[in-house]
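Notes for the one structure printed next.
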Amino acid sequence: MTPPYIALVDCNNFYASCERVFRPDLGDRPIVVLSNNDGCVVARSPEAKALGIQLGDPYFKIRHAFERCRGLAFSSNYTLYGDMSRRVMETLREFTDEVEVYSIDEAFLGLRDRARGLSPLAEAMRTTVKRWTGLTVSVGVGTTKTLAKVANRLAKRETGACNLVEHGDLASVLSEVDVGDVWGVGPRYGRMLASYGIKTALQLSQADDQWVRRRMTVMGLRTAMELRGIPCFALDEQPMPKKAIVRSRQFGRDIVDLEELLEPLASYVAAAARALRRQRSVAGSMRVSLATSRYDEYAYGNARFGVLPWATAHTGELIGWACQLMRQIYRPNYTYRRCGVMLTDLSSDRIQQERLFVDGRYDEKKKVLMQVVDQVASAWGEDALKYAREGLDVGWGMRQHSRSPRYTTRWDEVPVIPA
DNA sequence: TCTGGGGTCCTAGGACCC
DNA sequence: TCTGGGGTCCTAGGACCC
């Protein structure tokens with residue numbers, strides 16, 4: 001049964017806040033968190049926002065000015081953020097069983113309380129999450145996911161909680177919301193709608209159904225209906241297993257040599273294979289890609305897709321096939337900047353299709369071997385056991401000049417409080 | 001020097017089948 | 001002389017999300 005009310009709970013400035021929780025000494029210094037390779041800004045504290053720093057700003061461009069303002073930059077520390085996220089989600093489960101973890105810092109909650117109890121409930125969520133994790137969340141409540149998103153935006157501007165269920169005049173609220181800020185309306189649709197004079201969420205909700213469907217597909221129509229309070233996006237408590245698993249990254253430095261290129265590739269394949277096994281799947285096909293920098297004068301990029309001889313989650317097999325594909329697209333004399341692998345055609349590792357005329361398969365013996373590999377990784381860290389092909393990371397790994405400690409997941413990095 | 005990474009869904013159009 | 005129509009599967013491309 002669809003719950004009558006939906007809350008969207010979202011952590012404010014999530015990555016930057018995670019860093020701050022463990023560094024109270026930073027006070028109100030501006031904080032940014034950088035993407036892989038310390039490339040560009042992916043999160044900002046309120047103080048950094050106030051300095052005018054934008055998401056996606058290349059760090060090297062703002063660094064000077066930022067540091068002059070006593071700003072502090074952190075390399076991204078996904079181990080820490082992932083663990084903090086898990087703590088927030090667990091806290092939210094204290095309030096309802098219906099939790100859809102939507103992203104690392106957001107969850108939709110199904111609520112069945114009477115409408116009058118919703119605002120105190122939202123407040124209780126905020127104070128409990130703050131007390132248990134140190135993080136501040138905003139809570140928006142509405143009758144559909146899209147309206148909960150709208151409420152959440154308003155919550156951020158106001159006191160941190162916003163309940164549209166008890167709001168008497170939804171139309172006037174929606175007339176104040178820019179259509180481009182509606183969940184599901186991106187920059188393209190935003191421009192298209194504006195060119196037809198549709199500038200607010202209210203106007204979109206009142207537009208003709210057929211017209212919306214034609215211009216924005218059924219997804220756009222669902223968005224418009226959700227704005228009217230008709231639920232079209234269900235709460236998804238148990239997300240389906242992923243249909244594709246991608247690992248792709250820029251190197252810490254350029255690579256020209258094929259054999260050297262196979263090392264990061266192997267290590268991305270190993271990471272993808274771990275994710276594959278975590279969701280108890282096997283992959284039936286894969287796609288390998290490589291590219292020079294986009295800004296390179298002699299740019300080259302290519303990708304090749306291959307159906308695997310048999311579906312597997314065995315790291316060694318996947319690395320071998322990935323290397324074959326890579327050899328097909330590699331061209332000498334380019335300075336490569338990134339490569340990647342995508343595992344597709346995923347299926348359960350319990351039901352396996354036998355293929356005629358192929359005598360290999362992902363059998364019990366391989367499965368057990370992989371279980372051991374995963375156990376070692378969970379006990380000793382993901383880099384404890386590697387395939388030889390992954391090499392020893394002679395410089396291609398990520399540049400991370402200022403990663404914070406993994407405070408909550410590594411005994412050797414827990415915070416120490418002198419007493 | 002230096003510009004992120006990982007996903008989803010929908011639609012149109014081609015290949016192929018009966 | 002005449003050259004169907006409906007269905008499925010796959011892929012590429014486009015839109016979106018965080």
Side-chain angles (χ1 to χ4, degrees), chain A residues 8-15 32-43 53-64 66 73 75-78 81-82 85 100-108 145-146 149 152-153 179-193 212-223 232-234 236 239-254 264 268 271-272 275-276 279 284-285 287 289 291-296 299 303-305 307 335 337-346 395 398-401:
Chain A
L8 177 66
V9 182
D10 134 309
C11 301
N12 299 350
N13 319 305
F14 181 58
Y15 297 167
V32 296
V33 177
L34 305 177
S35 63
N36 289 320
N37 279 320
D38 294 344
C40 55
V41 174
V42 293
I53 292 169
Q54 301 296 313
L55 278 184
D57 277 352
Y59 187 55
F60 73 92
K61 283 189 179 169
I62 59 153
R63 178 176 186 161
H64 232 66
F66 184 58
S75 305
S76 38
N77 183 347
Y78 287 102
Y81 311 149
S85 170
E100 174 187 340
V101 176
Y102 180 67
S103 75
I104 195 165
D105 72 335
E106 281 177 65
F108 287 106
K145 282 183 164 181
T146 306
K149 276 274 191 184
N152 186 274
R153 281 189 77 84
V179 75
D181 291 336
V182 172
W183 188 48
V185 179
R188 288 303 261 272
Y189 286 155
R191 278 198 299 277
M192 184 278 292
L193 290 169
V212 174
R213 193 184 190 293
R214 207 168 55 242
R215 313 297 303 207
M216 301 171 68
T217 82
V218 296
M219 298 299 278
L221 181 55
R222 289 181 192 150
T223 296
C232 297
F233 300 116
D236 213 357
M240 298 291 289
K242 300 218 188 321
K243 295 174 178 170
I245 293 174
V246 178
R247 288 296 179 275
S248 130
R249 250 182 203 70
Q250 295 203 14
F251 314 134
R253 61 172 171 80
D254 290 336
Y268 304 162
L276 185 67
Q279 68 166 36
S285 51
R287 179 176 180 274
S289 60
T292 61
S293 163
R294 273 180 299 173
Y295 307 95
D296 201 318
R304 183 143 305 179
F305 175 87
V307 175
T335 51
R337 216 16 180 342
R338 69 154 60 243
C339 73
V341 61
M342 172 158 53
L343 303 179
T344 49
D345 191 12
L346 310 187
M398 273 192 279
R399 281 189 301 272
Q400 288 197 315
H401 287 305

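The figures here come from the full heavy-atom set of this structure, side chains too, leaving out hydrogens, waters and symmetry mates. It should be emphasised that the depicted structure is a prediction, and the values quoted were computed from it without experimental measurement. So you know, we letter chains A, B, ... as the sequences are listed, proteins then strands, and number each from 1.
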Any side-chain heavy-atom pair from [X] and [Y] closer than 4.5 angstrom?
X: A/R213; Y: A/V218; answer: yes
X: A/Q54; Y: A/V41; answer: no
X: A/Y189; Y: A/V182; answer: no
X: A/E106; Y: A/K149; answer: yes
X: A/L34; Y: A/H401; answer: no

Without swapping roles, check the side chain of [X] against the backbone of [Y] for a donor-acceptor pair under 3.5 Å.
X: A/Q400; Y: A/S76; value: yes
X: A/Q279; Y: A/K242; value: yes
X: A/T146; Y: A/T223; value: no

Within this structure, what is the [atom1]-to-[atom2] distance between [X] and [N], rounded to whole angstrom?
X: A/F66; N: B/dC2; atom1: CZ; atom2: C1'; value: 17 Å
X: A/K149; N: C/dC16; atom1: NZ; atom2: P; value: 15 Å
X: A/Q250; N: B/dT3; atom1: CD; atom2: C1'; value: 8 Å
X: A/M342; N: B/dG7; atom1: CE; atom2: C1'; value: 11 Å
X: A/N36; N: B/dT3; atom1: CG; atom2: C1'; value: 13 Å
X: A/R153; N: C/dC18; atom1: CZ; atom2: P; value: 9 Å
X: A/M192; N: C/dG14; atom1: CE; atom2: P; value: 16 Å
X: A/N12; N: C/dC18; atom1: CG; atom2: C1'; value: 15 Å

Exercise. Within the pair A/R188 and C/dA15, is there a side-chain N or O less than 4.0 Å away from OP1 or OP2?
Worked result: yes
Applying a 4.0 Å non-hydrogen cut-off, can you work out what [X] is touching in the nucleic acid: base, sugar-phosphate, or nothing?
X: A/V101; result: nothing
X: A/Y59; result: nothing
X: A/R338; result: sugar-phosphate
X: A/D105; result: sugar-phosphate

Problem set entry | Interatomic spacing from CD1 in A/I62 to SG in A/C40 - rounded to 0.5 Å | 10.0 Å
Seminar exercise, completed: dist A/D38:CG -> A/R63:CZ (nearest 0.5 Å) comes out at 9.0 Å
Distances for protein N/O vs nucleotides 8-12 of chain C N/O pairs under 3.5 angstrom?
none

Problem set entry | Plane angle bin for A/F108 and A/Y102 - parallel if under 30°, tilted between 30 and 60°, otherwise perpendicular | perpendicular
Exercise. Is the A/Y15 ring parallel, tilted or perpendicular to the A/Y81 ring (thresholds 30°, 60°)?
Worked result: parallel
For this session: Can you sort out which residues in residues 240-248 of chain A have a heavy atom within less than 4.0 Å of DNA chain B? Ascending by number, please.
Result: A/K242, A/K243, A/A244, A/I245, A/V246, A/R247, A/S248
For this session: Between A/R337 and A/R222, name the one whose nearest nucleotide on DNA chain B is closer to the 5' end.
Result: A/R337
Exercise. Using atom C1' of each nucleotide, how far apart are B/dC16 and C/dG4 to the nearest Å?
Worked result: 15 Å
Seminar exercise, completed: Listed range with range, the stems formed with DNA chain C by at least 3 consecutive Watson-Crick or G-U pairs (under 3.5 Å) are B:5-18 with C:5-18
